[in-house]
There are 2 protein chains.
Amino acid sequence: MKRGQIQTHITRTRVLRHIRESVATSRIEISRALSMDRSTMTHVINDLIGDNLIREEEGLSPRNSGRKPVMISLNGDYGMIMGLEIQPGFYRMTLMDMAGAIRERSMGSHDFSLPADMVSAAIDETGGKGYPPLLGIGLALPGTVDPYKGLLIESPALDLCDYPLTDMGGIPLVMDNDANCFARFVLSGEAREAGNMVCLIGESHRYGRTGLSARDDIGIGLVINGQIYYGSHFTAGEPGGSPFYPRALARLDKSEESAYLAALFRYLENSLYLLDPEVLHIGGELVNFDRKDLDLTSLIPPGCSVEYGKEDNFEISTGAAHMFRDRLFSPVLPGEEKTIIDAIRWENLPGYGRRSDS
Amino acid sequence: MKRGQIQTHITRTRVLRHIRESVATSRIEISRALSMDRSTMTHVINDLIGDNLIREEEGLSPRNSGRKPVMISLNGDYGMIMGLEIQPGFYRMTLMDMAGAIRERSMGSHDFSLPADMVSAAIDETGGKGYPPLLGIGLALPGTVDPYKGLLIESPALDLCDYPLTDMGGIPLVMDNDANCFARFVLSGEAREAGNMVCLIGESHRYGRTGLSARDDIGIGLVINGQIYYGSHFTAGEPGGSPFYPRALARLDKSEESAYLAALFRYLENSLYLLDPEVLHIGGELVNFDRKDLDLTSLIPPGCSVEYGKEDNFEISTGAAHMFRDRLFSPVLPGEEKTIIDAIRWENLPGYGRRSDS
DNA sequence: CCTTTATGTTGATTCATTCAACATAAAGGA
DNA sequence: TCCTTTATGTTGAATGAATCAACATAAAGG
């Protein structure tokens, strides 16, 4: 980073965001999108190229007259991001480069009681494979998580309380609830536009099982105006205090799956009306459920559509990776280096220099 | 406004906000709060004084050494804001100056079928009283409202559909749902800090009645991260599709009020867990209810407190006035002059000049 | 009266940005 | 092949909101 001011940092971040959101773009296109001068873009882009964050490409140029633009795209080899989902007894991992391309995925069982040990093992596992340097880690955990402090507040599934983890030997780490990571996965895809979503997952707490049992759980990630909503005590999306609570259900056999879903949606009905989301996303184990004789139209508000995830079940770990990757595309304000910054509001933007006074 | 750039506009707005939030403050205090240089503040404050938006005061100065600061505060006489709540058959009005002081309140019955006629009558009524000029109007209506377009989408109570209103003879007007205006009222008070709230009102649709009847309604305003949440179709907070729906209740006599409230909170229970709000605010007609033998602790999530409004019932029209007043403390981006700007996200901040290219 | 301590002002400097002019590159006709 | 058209991209001077550094002002307290 050549020039040191905060304004530069914000502009660089805005440019990087635009490049991330378009497959390939040009200096002029970015300058138009951000309402800035072409010459400004020349400076910013050349600085970013100098820092190895982006690169010029020989790319396609759909023009019928005039000079062809020099295409710009993110430099995937700048570094790697690891996304890790840890459940009791098993894990899933997604290794992603800075351009967002998935380079490797794996899953398996584990015996670790502390997430840090599992993370450490995953880092060792991918260490000697010649990947670009590891920039950071996104961690998805079942339970109540404070992602700003990097604290697992409570997790009955993992049998942990007030468990902090903010880095692994200098490599920064961010954590969030698994349902929220699923929501981040959905946000990273087509649903990138700022919108409102309810993201519902069923989390199996035993490796290899499908379907849910009494030890398992459902989780809800809420997206409000394009951002994860945590609530006032990081328990937003956690069902509770209700006559219907999935945890109380005994093991289901196949014939009951459809009835389970129907009961679940009746439980959610009021909240869906109140929240007025654009779409309800369903992922995790619930996708595997038999839903042939289930008609949701009567249980879901008129303007709300339903989407089922694909069944590869790596959505949560991939969303965890996206959580850290998003940090690279957010400005870091002085004094808030350690937190997840989803969206800075203009009211909080600091002055552009350092003040001469305390 | 002396200097024409957008950056100036944003800085001025940030300064005005800080002045609004403190009873009286000084140049140095603001410069510290906004992390800007003292000399910058000299320029900005002097410009704002030149524009009559703020003024210096002979104010108190709690210092025991050093030069006393020159106190700065908003100039209430800069202009007036009218907040108007229109219900079928009656209205309430709050007249507020730019400093937020309430100058006049009134209520009464009316026979208008179109809100515009009611607004017009209210403007005429306050016209010749020697107030500072009317800067704008905030309108609270029962029903589904698109405040960005200035459109009453649907109001069964007022028997209107797709009714637009964005200004009255050159005076800008913004409208919102009545429950959201109540939420804005709460936000303008102690609960100014960014937080999460559920604001519940009972709206009586007959002048002079207390209690609710089958023609009446409840309304919910949701505050998420310190901002009104509208949902994807502006129906957030509207109950629906439920076995319990207040509209279906027959007239209540006094003995049933407590049971009514209990049923209402059972209806809301799941949603309160899901939303994890800091506080549940109750206003409008519901405040008048007999709630002696009602214990909410078992129906409300642990971390959530309950606040009842004072019983003057002008909360909604006052909140409507605050809605317009908030516009004066938000930057207006080019191309978005007509919308309510609650919070601009840094991603959308434009460049600081006009681009040399389309 | 002089020191201390704070607030507020002034003029020079900084630096991201714009502006205006120019350079580069490709297409398409003459 | 040359010349016009049309677009992208670059360069250096100008702009302007901010900082910096020095000074001015004001009040308290020995």
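Chain identifiers are assigned alphabetically (A, B, ...) following the order of the sequence lines, protein sequences preceding nucleic acid strands; residue numbering begins at 1 within each chain.
Taking only side-chain nitrogens and oxygens, A:Arg32 never comes nearer than 4.0 Å to OP1 or OP2 of D:dG9. Listed pair A:Thr42 / D:dG9 fails the phosphate criterion, with no side-chain N or O lying under 4.0 Å from OP1 or OP2.
Of all nucleotides listed (C:dT7, C:dC19, D:dT10), C:dT7 comes nearest to the side chain of B:Arg38. Listed candidates were C:dT7, D:dA18, C:dT17. Nearest to the side chain of A:Thr11 is C:dT17. Of the candidate nucleotides D:dT19, D:dT11, D:dG9, D:dT19 has the atom nearest to the side chain of B:Met36. Residue B:Ser39 places its side chain closer to D:dC20 than to any other of D:dT11, C:dC19, D:dC20. Which of C:dT7, D:dT8, C:dA16 sits closest to the side chain of B:Ile28 comes down to C:dT7.
With hydrogens and angles disregarded, a donor-acceptor distance shorter than 3.5 Å links the side chain of A:Asn196 to the backbone of A:Asn225. Counting only distance, with no hydrogens or angles, the side chain of B:Arg14 and the backbone of A:Leu349 share a donor-acceptor pair below 3.5 Å. Although no hydrogens or angles enter the test, the distance criterion places a donor-acceptor pair under 3.5 Å between the side chain of B:Asp37 and the main chain of B:Ser39.
Rounding to whole angstrom units, CD1 of residue A:Ile49 and P of D:dG9 are separated by 10 Å. In this structure, A:His9 places its NE2 atom 19 Å from P of D:dA18, rounding to the nearest Å. Residue B:Asn46 contributes atom CG, which lies 8 Å from atom P of C:dT10 at whole-angstrom precision. Between B:Ile45 atom CD1 and C:dT9 atom P the separation is 10 Å, expressed in whole Å. Rounding to whole angstrom units, CE of residue B:Met41 and P of C:dG8 are separated by 11 Å. To the nearest angstrom, P of C:dT9 lies 13 Å from CG of B:Asp37. Between the C1' atom of C:dT9 and the CZ atom of B:Arg27 lies a distance of 10 Å, rounded to the nearest Å. The CD1 atom of A:Ile6 sits 13 Å away from the P atom of D:dA18 (whole-angstrom rounding).
Legend: residues meeting side-chain hydrogen bond (donor to acceptor under 3.5 Å, both in side chains) with A:Asn52, ordered by chain and number and at least two apart, are A:Asn75. With sequence neighbours left out, B:Arg27 forms a side-chain hydrogen bond (donor to acceptor under 3.5 Å, both in side chains) with B:Asn46, B:Glu56. Applying the salt bridge (charged side-chain N to carboxylate O under 4.0 Å, His left out) rule to B:Arg103 yields the partners B:Asp77, B:Asp97; only residues at least two apart in sequence or on another chain are considered. Every residue meeting the side-chain contact (heavy atoms from CB on, under 4.5 Å) condition with A:Thr13, not counting sequence neighbours, appears here in chain and number order: A:His9, A:Pro331, B:Trp346. The side-chain hydrogen bond (donor to acceptor under 3.5 Å, both in side chains) check on A:His322 picks up A:Ser188, with sequence neighbours excluded. For B:Ser26, the side-chain hydrogen bond (donor to acceptor under 3.5 Å, both in side chains) test picks out no residue, with sequence neighbours left out.
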Does the protein touch nucleotides 24-30 of chain D at the base, only the backbone, or not at all? Give it as B, S and - per nucleotide, heavy atoms under 4.0 Å. BBBBS--
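Ion pairing of B:Asp176 with B:Arg184 is present here, as a side-chain N (NZ or NE/NH1/NH2) and a carboxylate O approach within less than 4.0 Å.
Consecutive pairing runs in DNA chain D reach the stem threshold at C:1-30 with D:1-30, where a stem means at least three Watson-Crick or G-U wobble pairs with distances under 3.5 Å.
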